[in-house]
Novice: 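This is the structure I have questions about; it appears just below.
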Amino acid sequence: MNTDIKFIPIDYDYFDFNGKNYIKLIGRDNKGKRICIIDHFNPYFWAILKQGTSEKTIQKIQQKIQKIKIKSSSRITSVIKTELHNKNYLGEEYKAIKIFISNYKDGHAIADKLGMKEIIARRGYDIRILSKYIIDKNILPLTWYNTSGEIIDNDDFAGIANIDVDLCVKAESITKSESQPSFTPKVLAFDIEADEFEIGKGHILMISLVGENMKKVLTWKHCKIKQDYVECFKDEEDMLEAFVKYIKEYSPDIITGYFSDGFDLPYLRARAIHNKIKLALGLDNSNVKFARGRIPSARISGVIHIDLFRFIQTAYSQYLQSETLGLNEIASELLGEKKIEFEHKQKAKRTQKEWKDFFEYNLQDSILTYRLFEKAWPDISEFSKVIQEPLFEVTRDTMATNSENYFLHNLDKFNEIPEKKPIHEEISERRMRPRYQGAFVFQPTPNLYNNLAIFDFTSYWPSIIVSFNLSRATLLDKKQSNSTEVNLDDKKVYFSKKTGFFSKILSEIIEKRKKYKQEYQKNPNPITKARSNAYKLLANASYGYLGFFGARYYCPEAGASATAISRDFTKKTIDLMNKQGYKVIYSDTDSIAFLLNKHTKSQVLELLKKINKNLPGIMELELEDFYKRGIWVTTRAGTFGAKKKYALINHKDKLKIRGFETVRRDWCRLARNIQNNILKMILEQGNHEKALEYLKQIIKKLKKREIEKKLLIIKTQLKKPISEYKANTPHIAIARQMQEKEMPVDIGMLIEYYIAETKDKKARIRDKAKLPDENIPYDIEYYLNNQILPAVENIFQVFNINIKEVIERGRQATLF
DNA sequence: GACTGAACTATACC
DNA sequence: ACGGGTATAGTTCAGTC
């Protein structure tokens, strides 16, 4: 029976039937029904021919290729057909044979059989079949399609249709719909609590589930406690089975958790195995599968599992203020939610009241995850649509991979054959590469400055890459008549002036970013913002991509050229500004801070126009802001001005603090707060009087032991397994103590401690470091000399005040 | 045993 | 293994006097 439906693909999968590859799309129709579409797809790859190979030879090669067969236990893969095309590869024209094969899994094996000397490269066999399908058939995620085809039943394709959907169709035609109504997926958030931190070691005590019209906590513990959302089961096994049942009933498009790739789903799997039950969450009743990777990604067949932590880490973290990526902190920043403090105790110690709080806490985490998902959905879905990769992939891939995928999905417009991924030896070779020289940082003179402004280059790296056409394909072997020459430390490199596909795609990204940013400003909503943001992230990742060892279009020469060009422009602009009667006081990479020197704001804008007139290509300088005051200090050694460390106040009294201890999470709150307040007082008032008084008061309090302990806690991140540390630092000493006490210690955690007084005055700091709950008095001298004074010393030095002497004088004065 | 500089480590800036 | 380089700064640790 035939049918026509309007369908939106959400999940992409594939399967083999009779040795051939088929694509399985899961999504919804416009009435909200769950649909599965089976589509046929013939994977292919390219054999690139030596330029000048004769037609006759090519025909012979094609005939040879057509006879290739790969036999394995489960299938015979053959070449279905070959086609000859005129293609581009790294910007040059070639004849290339397009080789269609019956099963993509044997692509590598078939490519290995192409030893003919006329074939100079084999490409495209290392692209995932689902990406290839999307590129080739142009069936994009989260886009509506009019689909017609034959309804299939459970017996077809060896039962592939025997899954939990309303309708399964074997596609005959799939065409993009004219109307693209907005789509809201059905989402379920979940979170587990266990009595042991280590995966699988303890029991899962409870699981919360939150969706639209769904708020549940499933448990098998303390069932007497009456809470309407708590549902009680006989044991862990029953609870796990109910968890699976509820998810099936709810039938979500997306299941979301926070760190669920790394914790919740591995734990659930471990406990399911222990209880000898199947975690059959897939639409085909399959188990959760874990893909290889640094953090294994948990995949559920037919349902998109999204670990929000992973997406936030790659897409948001550089723009967030939060010091950790924990759910509570991120939710409080992104949603403005107040944090719920909850102390994780050993199970034996919990009171009835505490169990009640535990249930509520568990539910709250799913609520936060659900709301965070709603907030992130525009970004996640736009990312998927812009990059043209499925939701599962864009939420797991790093920015380098996302960028690369964007390029791969846009190569066809340039008739370009994709470059291959580097393999092991090449990767290790690339990783040995010495660093190339980076951007320019201006050596500031420490002082308090008045009346200044900052210019910065918009999208600096992308604009240089585009304007100078820097890329792998445009890098030339030698100087040509129409090439750009760039001087690097040890050599000269040349780039063609004929615009390459990399620059073209990147300039499109920048243009779209501009366009959607304007659209957002005209019509501010989460979708226009997300679209603009997706292009911004892609543009910003392009420069790092050039130097990344895993990149298909790896080109450190282009990266090094971009920085060489950047240094040139920044320095030239600084010179020009100084000659015009301004005084540049600082610069880092793409920004220039300068004194107005009696110039008016409109004169500054005129200067900006003048500079922009002479900038090449799409390079552009813009005004960041005008500032009332700014302070630069010396380094700790005190001999010269510190780079990457300054504080500014604009004309609306808004502070901008960079690099100071205030913004560093590995300093105690006390030192950070004092420094922040002192910077604020000095910048607001233009002098240090009030700040000095304030400092004296705090030091008095410190010496009288009136400072709360929570202000004295120092937090340091554990960045690798404890055993790999060569130095025995305070945070490692504490981490070891925590392990002995069987407290959870894991990579990525912030280790918290404070410095306590000891009898041995010369004891090492690590020997004085104590866990926060210990009751030994804090070490006054340490907090004074190693926290407070280092944080404020060079600020007062700007006013020629030696703060140590002032404190010492104060001490002697009290003696008299 | 005090001192010094290198090594190790963490974190920020753009 | 899962963008880049530049920069500051604390603590430990090994070598020197």
Side-chain angles (χ1 to χ4, degrees), chain A residues 292-295 297 310 313-314 318 323 396-404 421-424 426-428 430-431 433-444 456-457 459-461 465 537-551 553-556 558-560 562-564 566-567 570 586-591 624 633-637 640-646 656-667 671 714-720 724-733 750-751 755 762 764-769 782 785-787 790-791 794:
Chain A
R292 286 185 294 176
R294 205 164 44 87
I295 305 166
S297 306
R310 308 263 316 250
Q313 193 174 39
T314 54
Q318 64 174 132
E323 283 168 16
R396 263 59 174 204
D397 288 341
T398 61
M399 272 315 292
T401 310
N402 277 326
S403 273
E404 185 160 275
K421 252 196 260 185
I423 49 166
H424 299 56
E426 201 170 0
I427 287 180
S428 38
R430 288 177 179 188
R431 297 191 73 201
R433 163 179 72 77
R435 286 187 152 190
Y436 56 79
Q437 198 185 338
F440 168 69
V441 188
F442 188 97
Q443 176 84 65
D456 54 24
F457 286 97
S459 305
Y460 201 34
W461 299 121
I465 294 166
L537 289 171
L538 284 176
N540 288 345
S542 61
Y543 159 70
Y545 176 82
L546 291 173
F548 167 49
F549 56 76
Y553 294 105
Y554 176 71
C555 187
T563 60
S566 86
R567 292 190 296 273
T570 309
Y586 184 63
S587 166
D588 186 347
T589 310
D590 62 345
S591 70
E624 198 244 359
V633 300
T634 65
T635 61
R636 196 93 277 282
F640 51 83
K643 297 171 176 180
K644 299 188 185 288
K645 206 170 182 182
Y646 58 89
K656 178 176 175 175
I657 299 179
R658 291 294 124 98
F660 274 109
E661 285 73 7
T662 297
V663 299
R664 293 182 62 96
R665 69 173 182 198
D666 56 347
W667 283 70
I714 298 166
K715 300 175 185 177
T716 313
Q717 192 179 30
L718 193 67
K719 303 197 77 142
K720 53 188 178 188
E724 282 177 25
Y725 280 89
K726 289 176 185 162
N728 195 359
T729 59
H731 81 293
I732 299 307
L750 286 186
I751 306 295
I755 304 302
K762 283 169 189 163
R764 287 188 200 88
I765 293 162
R766 72 154 177 264
D767 297 322
K768 298 201 264 187
Y782 175 85
N785 294 321
N786 296 43
Q787 292 279 330
N794 36 25

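As a basis for the values below, the full set of heavy atoms in this structure was taken, side chains included, without hydrogen atoms, waters or symmetry mates.
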Novice: Could you write nucleotides 8-17 of chain C as a row of B, S and -, 5' to 3', where a protein heavy atom under 4.0 Å of any base atom gives B, of only sugar-phosphate atoms gives S, and otherwise -?
Specialist: SSSSSS----
Novice: Between dT6(C) atom P and Asp590(A) atom CG, what is the distance in whole Å?
Specialist: 15 Å
Novice: Taking salt bridge (charged side-chain N to carboxylate O under 4.0 Å, His left out) as the test, write out the residues that go with Lys644(A), two or more places apart.
Specialist: Asp588(A)
Novice: Does Phe440(A) reach a base, just sugar-phosphate, or nothing at all? Heavy atoms under 4.0 Å.
Specialist: nothing
Novice: Under 4.0 angstrom, heavy atoms only, what part of the nucleic acid is Gly544(A) near: base, sugar-phosphate, or nothing?
Specialist: base
Novice: Do any side-chain nitrogens or oxygens of His731(A) fall under 4.0 Å of OP1 or OP2 in dT9(B)?
Specialist: no
Novice: Could you tell me the separation between the CD1 atom of Ile423(A) and the P atom of dC2(C), rounded to a whole number of Å?
Specialist: 19 Å
Novice: In whole angstroms, how far is the C1' atom of dC13(B) from the CD1 atom of Ile657(A)?
Specialist: 15 Å
Novice: Looking at Arg658(A), I'd like to know whether one of its side-chain N or O atoms comes within less than 4.0 Å of OP1 or OP2 on dC14(B).
Specialist: yes
Novice: Can a side chain N or O of Gln437(A) be found less than 4.0 Å away from OP1 or OP2 on dG5(C)?
Specialist: no
Novice: Which part of the nucleic acid, if any, lies within contact of Lys720(A), taking any heavy atom under 4.0 Å across all strands shown: a base, the sugar-phosphate backbone alone, or nothing?
Specialist: sugar-phosphate
Novice: List for me each residue that meets salt bridge (charged side-chain N to carboxylate O under 4.0 Å, His left out) alongside Arg766(A), sequence neighbours excluded, and say none if there are none.
Specialist: none
Novice: List the residues meeting salt bridge (charged side-chain N to carboxylate O under 4.0 Å, His left out) with Arg567(A), not counting sequence neighbours, and say none if there are none.
Specialist: none
Novice: Is it the case that Ser566(A) and Thr563(A) place a side-chain donor and acceptor less than 3.5 Å from each other?
Specialist: no
Novice: In this structure, how many angstroms lie between the C1' atom of dA10(B) and the OH atom of Tyr725(A), rounded?
Specialist: 8 Å
Novice: Side chain of Arg435(A) only, please: which of dG5(C), dA2(B), dA10(B) is the nearest?
Specialist: dG5(C)
Novice: Glu323(A): what forms a salt bridge (charged side-chain N to carboxylate O under 4.0 Å, His left out) with it, not counting sequence neighbours?
Specialist: Arg669(A), Arg672(A)
Novice: Does the distance from a Lys or Arg side-chain N to an Asp or Glu carboxylate O, for Lys719(A) and Glu724(A), drop under 4.0 Å?
Specialist: no
Novice: By the 4.0 Å heavy-atom rule, please label Gly559(A) as base, sugar-phosphate, or nothing.
Specialist: nothing
Novice: Considering every strand and a 4.0 Å limit on heavy-atom distances, what is the contact class for Lys421(A): base, sugar-phosphate, or nothing?
Specialist: nothing
Novice: OP1 or OP2 of dA7(C) less than 4.0 angstrom from a side-chain nitrogen or oxygen of Tyr646(A), does that happen here?
Specialist: no
Novice: Roughly, in whole Å, what's the span from CG in Asp666(A) to C1' in dA12(B)?
Specialist: 9 Å
Novice: Side-chain donor-acceptor contacts of residues 434-444 of chain A below 3.5 Å, not counting sequence neighbours, with atom names and distances?
Specialist:
residue   : atom : partner   : partner atom : Å
Tyr436(A) : OH   : Tyr543(A) : OH           : 3.2
Gln443(A) : NE2  : Gly641(A) : O            : 2.5

Novice: OP1 or OP2 of dC13(B) versus the side-chain N and O atoms of Tyr460(A): is any pair under 4.0 Å?
Specialist: no
Novice: Rounding to a whole Å, what distance do you find between Tyr554(A):OH and dG4(C):C1'?
Specialist: 11 Å
Novice: Atom NE2 of His424(A) and atom C1' of dC2(C): how far apart are they, to the nearest Å?
Specialist: 13 Å
Novice: Is any side-chain nitrogen or oxygen of Arg430(A) closer than 4.0 Å to OP1 or OP2 of dG4(C)?
Specialist: no
Novice: Contact class for Tyr436(A) vs. all strands (heavy atom < 4.0 Å): base, sugar-phosphate, or nothing?
Specialist: sugar-phosphate
Novice: With a 4.0 Å cut-off on heavy atoms, is Gly550(A) in touch with a base, just the backbone sugar-phosphate, or nothing at all?
Specialist: nothing
Novice: Rounded to whole Å, how long is the line connecting atom CG of Asn402(A) with atom C1' of dA1(C)?
Specialist: 16 Å
